[in-house]
Number of protein chains: 2
Amino acid sequence: MATPSNHTQTADETIHGRGLRMTDQRRAVYDVIMGERDHPTAVEVFTRVRSKVPTISLATVYNCLDTLTGCGLVKTVAHERESARYCPNLEEHAHFFCEACKAVTDLPLRSRKKPEDVWEFPGEFAIASHEVSFSGTCPKCSAKPAKSNKR
Amino acid sequence: MATPSNHTQTADETIHGRGLRMTDQRRAVYDVIMGERDHPTAVEVFTRVRSKVPTISLATVYNCLDTLTGCGLVKTVAHERESARYCPNLEEHAHFFCEACKAVTDLPLRSRKKPEDVWEFPGEFAIASHEVSFSGTCPKCSAKPAKSNKR
DNA sequence: ATCTAAATAGGAATAATTCTTGATAAGGAC
DNA sequence: GTCCTTATCAAGAATTATTCCTATTTAGAT
């Protein structure tokens, strides 16, 4: 029982449940994503993981991210044509992308609301998933005196 | 006044309004997108436009698409990490991507509904735009006896 | 300790898009 | 109409993110 870390335990179980192994690389990638909840890109994950596992390759980071998302431990966030980002929040939520500071904020679903209530489906569509992203200016950047961004 | 075509006129005006020219290439690209409302990719547009302007290059198609979206005549549709698609529907709407037949369907906003009502914004976010995409199976594909897709 | 399949590192390959550059063309000044 | 300026174009090179390939390593089972 020697100080078991709470979430890693469950992740181990999930991975083993799929007949896969929790390797150092996978754990390090998972810990990076759980650690800073700032939606890093694969390259950002790579950079951070290197401090723990200096020999890891970018390809392995991509592999680990695939495995983790395949197991449902991490979610991929796509926004326009930018690099994919990774998110540890498994609750249903949307994302806000600040055009000024590039920060990504999670937007939880309001209680009792469903995305299907807002758009009209012309027929019997079977919804498997959805992705919602807002862009604009976040509170922090709105407050600032315009931030020398444009120009 | 000799038989003015309805939408092209407005597009011309919009483009001229920005100090740009309505060239053969731009018109051809615009007409392709307005013609078949099936959300083609840049390469698909390129292929179709070639029948009208056989010397056009893919780079020019990309340039024209940029110009048209910049003028607000066409909208870009991003879905996961796939090629961008282009859409002539300027009304606020979401998209449904059928995983079986790859068709993209426009989903109009229900009246008096707003996407902001569904997700919670933790602070004063200034929303400039949003993109919403659903994936799953469209009515046509749901009806079929499973379609030999997987496998 | 040995064996087998999974996983990794590293680099090559791919796909979509953007950039660069010299040539072409359109609209306005004269 | 001719000249000039600037926008636009075509073609291919370059870039970026991601995936693929393969020999080597490793974990877990026997």
- N-O pairing of A/Arg27 and A/Asp12 below 4.0 Å: yes
- Message: Measure CZ/A/Arg18 against C1'/C/dA7 and give the value in whole Å, please.
- Response: 17 Å
- Item | Partner residues of A/Glu44 under the salt bridge (Lys or Arg N to Asp or Glu O under 4.0 Å) criterion, sequence neighbours left out | A/Arg85
- Message: Which residues pass the ring-ring contact (aromatic ring centres under 6.0 Å, His included) test with B/His95, not counting sequence neighbours?
- Response: B/His39, B/His93
- Task: Mind calculating the distance between CZ (B/Phe46) and C1' (C/dA15) to the nearest angstrom?
- Result: 15 Å
- Message: I need a per-nucleotide contact map over nucleotides 7-18 of chain D, read 5' to 3'. Cutoff is protein heavy atoms under 4.0 Å; write B for the base, S for backbone only, - otherwise.
- Response: BSSBBB----SB
- Side-chain ion pair, B/Arg48 and B/Asp38, N-O less than 4.0 Å: yes
- Message: Parallel, tilted or perpendicular, judged at 30° and 60°: which one describes the rings of A/Phe97 and A/His79?
- Response: parallel
